[in-house]
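All of these numbers come straight from a predicted model, not from anything done at the bench.
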Amino acid sequence: MGTLTTTGRTRSMGALFAGVALLNTAMVGLSTAATLIVAAGSGPGWSGLPSVASVLGTAGGALGAGVLLPRHGRRRVLVSGYGVAAAGALVAFAAALTTSVLPLLLGILLVGVGNGGAQLSRYLAADLYPEERRGRALSTVVWAGTVGALVGPALMAPAAHVVTGFGWPSLSGPVAVAVLATAGAALAAALLPGDVPPPRDPVPAPRGPVRSPAVVKPLVAMVAAQLAMVAVMTMTPVQLESHGHGLDVVGWVLSAHMIGMFALAPLSGRIADRWGPRVTINAGLGVLALSAATALAAPTAHATGLPVALFLLGYGWNLVFVGGSARLSRDLAPETRSRVQGTVDAVVWSASALAGLGSGQLFAGGGYALVAVVGGVLALLPLALLAPRRP
């Protein structure tokens with residue numbers, strides 16, 4: 001990989017940051033609106049379907065981007081992925097106007113494809129810096145999700161108000177915001193410096209590294225964290241709506257969650273750089289377990305317990321995500337790194353599709369408390385599986 005000038009590095013970081021921020025803004029409003037649309041039309045048992053479509057699209061997008069990045073470079077791959085996301089947001093908006101479930105799911109799937117590229121942007125940021133600064137670099141791009149955490153939920157109620165003035169369903173408002181945000185992400189990616197070389201040579205990746213401890217350990221932790229986070233987060237809007245709360249309360253609680261997911265990412269990066277990825281991952285799993293206990297203790301406390309639980313849920317996931325990503329950015333050979341990172345992200349997002357679908361069934365069968373219990377078990381499981389074995 002060639003050496004970037006300071007200006008080129010700054011411009012690259014800015015473009016990567018903006019793309020991730022806009023994609024997160026789109027995903028927050030779109031996912032929430034779609035969950036409520038499906039719950040209203042098909043019942044709460046199927047309300048996890050939008051999450052399934054989103055994570056499957058993200059898995060496919062991450063896998064494809066990991067393969068294409070060495071051949072075509074950052075700018076072309078990200079512009080293409082974000083363009084697919086913008087097309088998907090348009091499909092979802094048309095579906096929201098008519099409350100058509102299948103086109104809505106197709107649109108979310110396509111937006112997820114673009115989100116897969118956005119997820120890999122953290123590794124592209126890490127590649128711009130020396131090894132001792134990679135944790136902070138990738139966490140800076142993860143921190144871009146703070147924009148989505150603040151702007152996405154905050155725009156839901158105003159957007160709903162605007163579209164009702166046109167005689168459209170209120171839930172189509174957040175989907176309209178997703179159309180604008182994904183188009184903006186494509187524009188941001190187009191501003192990546194053209195002289196930035198592809199991150200790696202297109203050398204076929206051997207199978208061995210995928211099964212090495214450097215991959216398996218962060219993969220197991222990241223899958224568990226994603227499962228726990230998606231299960232609890234997906235059912236929280238349904239839980240709030242079932243207790244009579246509107247989009248304003250849903251937006252507030254999800255803001256707490258999204259802030260936890262992204263706002264403290266630079267702190268997570270510093271922890272990873274100073275104490276190592278393993279400590280960062282273990283701390284995150286512990287915070288996830290604490291989040292599940294809080295949600296179980298206060299499942300209806302929309303002003304206190306639930307915001308705290310959802311914040312902890314987000315930050316526990318962030319610690320695992322940054323810690324696992326830091327290890328994958330440091331311990332893999334350059335010629336295989338991009339493909340392995342894309343494969344890991346694809347596995348993580350594919351696995352969390354089960355949480356999106358299963359969370360609706362858990363909620364229908366045992367309520368929000370059962371969802372919280374399962375989330376806590378998932379968080380604690382890697383600590384037992386990955387604990388050092390005594391001779």
Side-chain angles (χ1 to χ4, degrees), residues 1-24 61-62 65-82 114-147 185-203 205 214 218 262 264-274 276-277 280 318 321-342 344-345:
M1 178 176 171
T3 302
L4 285 175
T5 65
T6 301
T7 300
R9 179 181 290 167
T10 301
R11 182 176 167 186
S12 296
M13 286 293 291
L16 294 171
F17 185 98
V20 172
L22 288 164
L23 248 294
N24 273 276
V67 171
L68 295 173
L69 277 166
R71 302 177 183 175
H72 301 290
R74 300 172 176 84
R75 184 168 66 177
R76 184 178 298 178
V77 171
L78 289 181
V79 168
S80 299
Y82 293 162
N115 189 45
Q119 295 300 317
L120 290 188
S121 293
R122 69 191 190 277
Y123 295 119
L124 301 181
D127 286 346
L128 299 173
Y129 290 87
E131 181 175 335
E132 65 274 10
R133 294 188 59 190
R134 285 181 179 171
R136 278 172 283 182
L138 67 86
S139 69
T140 298
V141 172
V142 174
W143 184 81
T146 306
V147 176
L187 177 61
L191 298 178
L192 276 166
D195 59 346
V196 175
R200 290 159 203 102
D201 295 330
V203 177
F262 302 115
L264 299 181
L267 174 61
S268 301
R270 289 183 177 274
I271 292 172
D273 284 340
R274 182 166 183 179
T280 312
N318 180 275
F321 191 68
V322 171
S325 300
R327 182 159 189 183
L328 291 171
S329 71
R330 294 175 182 178
D331 296 348
L332 299 176
E335 64 270 14
T336 63
R337 192 179 298 155
S338 179
R339 286 173 177 79
V340 173
Q341 289 166 345
V344 167
D345 269 23

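Smallest separation of non-hydrogen atoms from L78 and A189: CB-CB, 3.8 Å. Among all heavy-atom pairs drawn from A265 and V142, the shortest one is CB-CG1, 3.8 Å. Between L120 and A62, the shortest heavy-atom distance links the atoms CD1-O, 3.4 Å. Across every non-hydrogen atom of T280 and S268, the tightest pair is CG2-O, 4.1 Å. Between A185 and G19, the closest heavy-atom pair is CB-O, 3.9 Å. A15 and A188 get closest at one heavy-atom pair: CB-O, 3.5 Å.
Taking Y82 as the reference, nothing meets the ring pair (Phe, Tyr, Trp, His ring centres under 6.0 Å) condition, with sequence neighbours excluded. Applying the side-chain hydrogen bond (donor to acceptor under 3.5 Å, both in side chains) test to S329 and every residue at least two apart in sequence or in another chain returns nothing. When the ring pair (Phe, Tyr, Trp, His ring centres under 6.0 Å) test is applied to F17, the partners found at least two apart in sequence or on another chain are W143. In terms of the side-chain hydrogen bond (donor to acceptor under 3.5 Å, both in side chains) criterion, residue partners of R327 (sequence neighbours excluded) are, by chain and number, D331. For N24, there are no side-chain hydrogen bond (donor to acceptor under 3.5 Å, both in side chains) partners, not counting sequence neighbours. S139 meets the side-chain hydrogen bond (donor to acceptor under 3.5 Å, both in side chains) test with no other residue; sequence neighbours excluded.
Look at R122 and D127 and you find no salt bridge, because none of the NZ, NE, NH1 or NH2 atoms lies under 4.0 Å from a carboxylate O. Salt-bridge annotation for R330 and D273: present, with a side-chain N of the basic residue lying under 4.0 Å from a carboxylate O of the acidic one.
The CG atom of L128 sits 11.0 Å away from the CG atom of L138 when rounded to the nearest 0.5 Å. Between the OG atom in S121 and the CG atom in L16 there is a gap of 5.0 Å [rounded to 0.5 Å]. A distance of 10.5 Å separates OG of S338 from OH of Y123, quoted to the nearest 0.5 Å.
In this structure, R339 and P70 have side chains that are in contact, with non-hydrogen atoms separated by less than 4.5 Å. For the pair L124 and V141, the minimum side-chain heavy-atom distance is 4.5 Å or more. At a threshold of 4.5 Å between non-hydrogen side-chain atoms, the residues R75 and V79 count as touching. At a threshold of 4.5 Å between non-hydrogen side-chain atoms, the residues P218 and V344 do not count as touching.
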For M13 and T140, what are the C-alpha separation, side-chain angles and deciding distance, and is it a side-chain contact (heavy atoms from CB on, under 4.5 Å)?
CA-CA 9 Å; M13 286 293 291; T140 298; 3.9 Å; yes
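At least one cation-pi condition fails for R136 and Y129: the charged atom is not both under 6.0 angstrom from the six-membered ring centre and inside a 45 degree cone around its axis.
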